Amino acid sequence: MTALSPLPVTILTGFLGSGKTTLINHLLKNYPNEKIAIVENEFGAVGIDGGLLERRGDVEVIELTNGCVCCSVRGELTEALKNLLTQRDEGKLSFERLLLETTGLADPAPIIQTFFVDDVLRERLMLDAVITLVDAEHAQKQLSEHRVAVSQVGFADRLILTKLDRIDEETKRLLLERLRAINARAVVCEARSGRLEKEAWIGIEAFNLDEGFTLNATFTPSLKNSATPLRFRPLEQSDASRSWNDDITSHVFETGDVDIKRIGAFMEGAIEKYGNDMLRYKGILAVAGEPRRLIVQGIHRVVGFDYGSEWRADEARKTMLVIIGRSLPIDSLEREFMSCVSQSEAYPR
């Protein structure tokens, strides 16, 4: 990998006590060939031994025994990342991936946007995924009392549940139901005592504008030297069992072919009016008269479009857009979305 090749970045978030440090320690211990720079967006060290390499400004760099580096950032994240890239270019540091661990009280939004708004970081770094750890034992209380905990779930591409051995099956069912109501597009998996294969959360390319679009998906990794984790299946959401009212929820819009001008106007208008409250959105659009899929993905007011592969002759052309947002006017958005349909009838649900 050359110095100018974009480096993949994984953002690891989760509320206080969810197990982020334990998961990182497992990664470092079991995958010694991974050259990772671990960036902690708060003061404090990952619980591993190392010698201080350099102290420059607001960044401490600690060299780990497996060749990785750990950095504690106490100042401006953008400048700290540029500093790391400069040291890599100069041959002072060697890493091929960034893992950014946020503080447990951090809203992921400004951190994610860092990788899109700065020209240097946008060119040099490539956001891979947002991974959110969920403490199954305390999650319901945290989600009810702390808005940032709901936001962390809403931004996630993958949800990793921890401490599931401390709750019963009914509590687990209700938690999964609530998580899926907040974020229907995130893949859910389990870490046992912080153990989880890196393939479950590293290098999953969730921010690529491709056709890898899932809804209520599951992931079942095979843990080395441990029992197979529980297999999570999509759950039917029952309004009768709910005892919460989260302001962040998932909404799925579906239809068949859409008119390119109308769907463009719809997206532009939605982002203009509600962009601040649209946490994550992603979709595959079937555009009338266009043989290729149109892929859309965005965070707040940052959005990207790209054409994917052609629709096969043996598959139904289907438009699906998932929006994870805060207190959005869903009824009016759905009416506007359905006005983009180029055929007389919407895709059957």
Side-chain angles (χ1 to χ4, degrees), residues 1 5-14 18-40 46 48 64-70 94-102 108 112 115 125-136 152-153 155-165 176 179-180 183-234 280 282 295 297 308:
M1 184 174 293
S5 299
L7 295 174
V9 181
T10 299
I11 296 177
L12 181 64
T13 186
S18 58
K20 298 186 294 296
T21 298
T22 303
L23 183 67
I24 291 175
N25 282 331
H26 179 267
L27 174 70
L28 296 175
K29 179 179 179 181
N30 291 274
Y31 300 93
N33 295 326
E34 291 285 330
K35 292 185 177 181
I36 303 175
I38 303 163
V39 181
E40 294 189 290
V46 172
I48 42 186
L64 310 180
T65 56
N66 64 350
C68 297
V69 293
C70 176
S94 176
F95 54 89
E96 297 177 356
R97 176 181 298 279
L98 283 171
L99 173 57
L100 199 163
E101 179 191 1
T102 75
I112 297 171
F115 298 93
L125 301 175
M126 176 181 60
L127 196 56
D128 182 71
V130 177
I131 310 296
T132 299
L133 267 65
V134 178
D135 176 348
Q152 290 170 351
V153 171
F155 274 106
D157 297 295
R158 189 144 297 178
L159 296 169
I160 300 178
L161 305 190
T162 63
K163 305 179 186 178
L164 276 169
D165 58 318
L176 284 169
L179 294 175
R180 294 197 187 284
N183 188 337
R185 60 175 292 276
V187 177
V188 182
C189 54
E190 173 189 351
R192 293 190 173 183
S193 301
R195 295 173 297 169
L196 187 64
E197 286 185 345
K198 72 180 182 67
E199 290 80 10
W201 63 288
I202 295 290
I204 63 176
E205 300 182 347
F207 274 81
N208 279 5
L209 281 176
D210 58 18
E211 296 148 40
F213 182 72
T214 57
L215 187 64
N216 280 344
T218 64
F219 183 88
T220 310
S222 56
L223 292 179
K224 299 176 181 178
N225 303 320
S226 66
T228 302
L230 298 174
R231 184 184 301 273
F232 296 111
R233 302 182 182 279
R280 293 288 301 272
K282 185 173 183 179
I295 316 299
Q297 181 172 203

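None of these values were measured; they are calculated from a predicted model.
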Visitor: Determine whether Val187 and Ile204 satisfy the following criterion, side chain to side chain contact (heavy atoms under 4.5 Å, CB included), listing intermediate values before the conclusion.
Guide: CA-CA 11 Å; Val187 177; Ile204 63 176; over 6 Å; no
Visitor: Distance check, rounded to the nearest 0.5 Å: Leu7 atom CG versus Lys35 atom NZ?
Guide: 12.5 Å
Visitor: Please answer whether the main-chain N or O of Ala200 pairs with a side-chain N or O of Arg158 as donor and acceptor at a distance below 3.5 Å.
Guide: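 Looks like yes, one N/O pair under 3.5 Å.
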Visitor: Is it true that a side-chain atom of Thr162 and a backbone atom of Ser18 form a donor plus acceptor pair closer than 3.5 Å?
Guide: yes
Visitor: Return the minimal non-hydrogen interatomic distance between Ala136 and Leu164, and the atom names on each side.
Guide: CB-CD2, 3.6 Å
Visitor: Hey, mind stepping through Leu176 and Leu161 against side chain to side chain contact (heavy atoms under 4.5 Å, CB included) and telling me if it holds?
Guide: CA-CA 9 Å; Leu176 284 169; Leu161 305 190; 3.7 Å; yes
Visitor: Between Thr13 and Phe155, does the side chain to side chain contact (heavy atoms under 4.5 Å, CB included) criterion hold? Intermediate values first, please.
Guide: CA-CA 10 Å; Thr13 186; Phe155 274 106; over 6 Å; no
Visitor: Please find the pair of heavy atoms, one from Pro6 and one from Met126, that lie closest to each other, and give the distance.
Guide: CB-CB, 4.1 Å
Visitor: Closest approach of Phe95 and Ala37, non-hydrogen atoms and distance?
Guide: CG-CB, 3.6 Å
Visitor: Are any of the side-chain heavy atoms of Arg280 and Asp157 separated by less than 4.5 Å?
Guide: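 Result yes, sub-4.5 Å side-chain heavy-atom pair found.
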Visitor: Taking the side chain from Thr132 and the backbone from Gly14, do they hold a donor-acceptor pair closer than 3.5 Å?
Guide: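 Side chain of Thr132 to backbone of Gly14, a donor-acceptor pair under 3.5 Å: no, none is there.
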Visitor: Could you grab the distance from atom CG of Leu159 to atom CD of Gln152, nearest 0.5 Å is fine?
Guide: 10.5 Å
Visitor: I'd like to check Ile36 versus Leu27 (side-chain heavy atoms, cut-off strictly below 4.5 Å). Are they in contact?
Guide: yes
Visitor: When rounded to the nearest 0.5 angstrom, what is the spacing between CG in Leu12 and CD1 in Ile24?
Guide: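 Leu12 atom CG to Ile24 atom CD1 measures 5.0 Å (nearest 0.5 Å).
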Visitor: Can you see which heavy atom on Leu196 is nearest to which on Cys189, and at what distance?
Guide: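 Shortest heavy-atom contact: CD2-SG, 4.0 Å.
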Visitor: Where the side chain of Asp128 meets the backbone of Glu205, is there a donor-acceptor pair that is under 3.5 Å apart?
Guide: yes
Visitor: Locate the shortest heavy-atom distance separating Glu101 from Thr21; write the atom from each residue and the value.
Guide: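 Heavy atoms of Glu101 and Thr21 come nearest at OE2-OG1, 3.6 Å.
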Visitor: Are Ile160 and Trp201 side-chain neighbours, meaning at least one heavy-atom pair lies under 4.5 Å?
Guide: yes
Visitor: Would you say Asp165 and Arg192 make side-chain contact, with heavy atoms under 4.5 Å?
Guide: no
Visitor: Could you tell me whether the side chain of Asn183 and the main chain of Val153 form a donor-acceptor pair under 3.5 Å?
Guide: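 Answer holds: yes.
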Visitor: To the nearest 0.5 Å, what is the distance between NE2 (His26) and CD (Glu197)?
Guide: 8.5 Å
Visitor: Within this structure, what is the CD-NZ distance for the pair Glu34 and Lys198, rounded to the nearest 0.5 Å?
Guide: 4.5 Å
Visitor: Look up atom CG in Leu99 and atom CD1 in Ile11, then write down how far apart they are to the nearest 0.5 Å.
Guide: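 Those atoms lie 10.0 Å apart.
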